[in-house]
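See structure below.
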Amino acid sequence: MTSTTEQLAPVLEVDARLTEIERELDLLLNLTPVNAAEAWTDFERSDFGTAPTLRLRPLEFDPDLVRRDLYNLEIETVEDPALHTLFRAKRDEIARQVTALEDRDTSRFLYGSLQLYGGVAPSLARAAEDLLEMIPPLAPSPQSVTAGAFADAAKAEFARYREVHADFPTAMDVRDDVGELMVSFGRLLIPESATFRSDRVEPLLHHEIGTHVVTYQNGAKQPLQLLTIGLPGYDETQEGLAVLAEYLTGGLDPRRLRVLAGRVVAVGRLLEGAGFLDIFESLRTDHSIPTRTAWNITTRVVVGGGNVKDAIYLRGISRILETLAEGGSLEPLFVGKLALDHIPLVQELLEREVLSPAWVRPRWLDVPGAQERLERLRAGASVIDLYEGEKAA
């Protein structure tokens, strides 16, 4: 421990407690339906005419006790101005998470989601509509792999990281209580009933393991534990970085771009007051999105009472592209889970040797062709330019 870090010992105590509290909330898992496969079967049997009931797991914490713990933290004793501001913002974000989870399945949940993730700006809505209009609909890919086969591919990807860093952990589960592929606190969760397009396996590995797991493990090597769960508002940048990983490895194909655009459109319809069936039918009829894909998009958007989070993927990659065009570096973003706005703070902490450079370098930076693609983006590009034609499908 450096002398600088020793001086920050009281700071690290607050950091550790904030991290512990957010782990207790488990926002991602607590907003994931436990009956996704069953709900799809019922929806299909109804000839897509009856909105599904999406069940969420019971909360395993008392919201009032969490709030008490949060506001008992003596953040006012943190003398470092940057960290003081950071901790206050994180405390506010966790408090909003508590309220959002408490408000699940009520009309209030949507407002909590907006506070956490923001709305859809007109420019983002236009970009999404332009992508859906420009990219022709494609038939669903006929080739797919099971959850077990995907798990085998994931194990192989973890092994590639261990070839460089022997203690890089293999953290993954195949589970029957999640409906979407996700990473929760550094652990890859694979839905047992899911199938995956064969041509999406590698891009998904770079998205989930190469970005979400790698930044978690890099954050775990830092004295600030918040870098494992994410600095305030990190989600947008993290998902933008993960989408960039897909693009640099040649995996951001037309179908995937249509999904990201469809998510923004669906959130826009939600904010206009549309319900499940209207959003679902709009995606299918107005934008020619395949039925099962429209189902996935819609369930993600309506869960809990209305979740706007899915707009951050297209917004996140848009901001990453702006940063690259301005000459910004990606390297600080690998130190842990943080937002673009935190880069100056992270760079300062690196210079003061409070933080260390990233332990693991994402493999997707070194895939053949990745650096050439990155240089093209640095010359200036928008999300529309990520579409490279049907040959990329």
Side-chain angles (χ1 to χ4, degrees), residues 124 127-128 131-132 134-135 138 140-141 143-145 150 153-154 156-158 160-161 180-183 188-190 194-216 234-264 289 293 296-297 300 309-324 330 333-334 337 340 360-378 381-393:
L124 184 65
L131 282 169
L132 288 169
M134 180 177 63
I135 303 173
L138 297 170
S141 175
Q143 297 181 322
S144 63
V145 301
F150 186 88
E157 183 67 8
F158 278 113
R160 293 184 190 100
Y161 279 99
E180 296 276 350
L181 186 69
M182 67 180 73
V183 171
L188 178 67
L189 306 182
I190 304 169
T195 58
F196 303 87
R197 275 173 40 198
S198 299
D199 58 352
R200 284 289 298 157
V201 171
E202 184 175 356
L204 284 170
L205 294 176
H206 289 302
H207 181 119
E208 304 292 351
I209 299 176
T211 306
H212 296 326
V213 175
V214 163
T215 51
Y216 178 90
Y234 84 97
D235 302 83
E236 176 185 301
T237 298
Q238 181 81 177
E239 295 300 351
L241 199 62
V243 172
L244 177 68
E246 296 182 44
Y247 176 76
L248 294 185
T249 56
L252 192 60
D253 64 29
R255 291 186 184 91
R256 174 63 166 166
L257 274 170
R258 293 191 107 248
V259 167
L260 298 184
R263 289 177 177 178
V264 172
I289 290 177
T293 304
N296 288 335
I297 292 172
R300 289 169 62 107
K309 180 182 178 182
D310 271 2
I312 69 175
Y313 292 78
L314 202 64
R315 189 195 309 140
I317 185 61
S318 297
R319 287 203 63 199
I320 291 284
L321 294 177
E322 292 170 2
T323 298
L324 289 172
L330 296 176
L333 298 178
F334 303 138
K337 296 184 181 295
L340 286 168
V360 177
R361 176 181 170 87
R363 263 196 355 103
W364 47 264
L365 283 172
D366 301 314
V367 167
Q371 288 301 313
E372 289 80 0
R373 285 173 176 266
L374 189 58
E375 287 309 309
R376 289 200 296 271
L377 297 182
R378 290 191 184 281
S382 70
V383 290
I384 303 299
D385 298 317
L386 299 180
Y387 174 52
E388 297 181 338
E390 293 184 41
K391 65 180 185 299

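Because the structure is a prediction, the values reported are computed rather than measured.
Between Leu386 and Leu131 there is no side-chain heavy-atom pair separated by less than 4.5 Å. Residues Ile320 and Thr323 are not in side-chain contact: their nearest non-hydrogen atoms beyond the backbone lie 4.5 Å or more apart. The shortest side-chain heavy-atom distance between Leu377 and Asp385 does not fall under the 4.5 Å cut-off. Taking 4.5 Å as the limit, every side-chain heavy atom of Arg255 sits out of range of all side-chain heavy atoms of Arg200. Counting heavy atoms from C-beta on, the side chains of Asn296 and Glu180 come closer than 4.5 Å.
Remark: Glu246 CD to Arg256 CZ distance equals 4.0 Å, nearest 0.5 Å. How far CD of Gln238 is from OG1 of Thr215: 3.5 Å, rounded to the nearest 0.5 Å. We find the OH-CG distance between Tyr247 and Leu257 to be 9.5 Å, quoted to the nearest 0.5 Å. Within the model, atoms CG of Leu330 and CG of Leu248 stand 8.0 Å from one another, a figure rounded to the nearest 0.5 Å. To the nearest 0.5 Å, atom CD1 of residue Ile384 and atom CD1 of residue Ile135 are 7.5 Å apart. Taking CG of Leu324 as the start and CZ of Arg376 as the end, the distance is 13.0 Å to the nearest 0.5 Å.
Residues meeting the side-chain contact (heavy atoms from CB on, under 4.5 Å) test with Asp366, sequence neighbours left out: Arg361. Scanning for side-chain contact (heavy atoms from CB on, under 4.5 Å) contacts around Ser198 gives Gln143, Val145, with sequence neighbours left out. Applying the side-chain contact (heavy atoms from CB on, under 4.5 Å) criterion to Glu208, with sequence neighbours excluded, gives Leu181, Val183, Leu188, His212.
Ion pair Arg315/Glu239 not flagged as a salt bridge, since none of the NZ, NE, NH1 or NH2 atoms sits closer than 4.0 Å to an Asp/Glu carboxylate oxygen.
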Let me see the working for Leu241 and Tyr234 under side-chain contact (heavy atoms from CB on, under 4.5 Å), right down to the final yes or no.
CA-CA 11 Å; Leu241 199 62; Tyr234 84 97; over 6 Å; no
Let's go through Val383 and Leu321 carefully: what are the C-alpha distance in whole Å and the side-chain angles of both, what is the deciding distance for side-chain contact (heavy atoms from CB on, under 4.5 Å) to 0.1 Å, and is it a yes or a no?
CA-CA 8 Å; Val383 290; Leu321 294 177; 4.2 Å; yes
For the pair Leu340 and Leu333, evaluate side-chain contact (heavy atoms from CB on, under 4.5 Å) and give the outcome as yes or no after the intermediate values.
CA-CA 7 Å; Leu340 286 168; Leu333 298 178; 3.9 Å; yes
Derivation and outcome, side-chain contact (heavy atoms from CB on, under 4.5 Å), residues Ile297 and Thr293
CA-CA 6 Å; Ile297 292 172; Thr293 304; 4.1 Å; yes
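Arg258 contributes no side-chain N or O that, together with a main-chain N or O of Asp253, makes up a donor-acceptor pair within less than 3.5 Å. Formation of a donor-acceptor pair under 3.5 Å by the Tyr313 side chain with backbone atoms of Ala242 is not found in this model. In this structure, Thr211 contributes its side chain and His206 its backbone to a donor-acceptor pair below 3.5 Å.
Between Leu138 and Pro254 the shortest heavy-atom distance is CD1-CB, 3.8 Å. Tyr387 and Met134 get closest at one heavy-atom pair: CD2-CE, 3.7 Å. Residues Ala153 and Leu205 come closest through the heavy atom pair O-CD1, 3.8 Å.
Taking the six-membered ring where the residue is Trp, Phe334 and Trp364 present perpendicular rings, their angle passing 60° and hence far from 30°.
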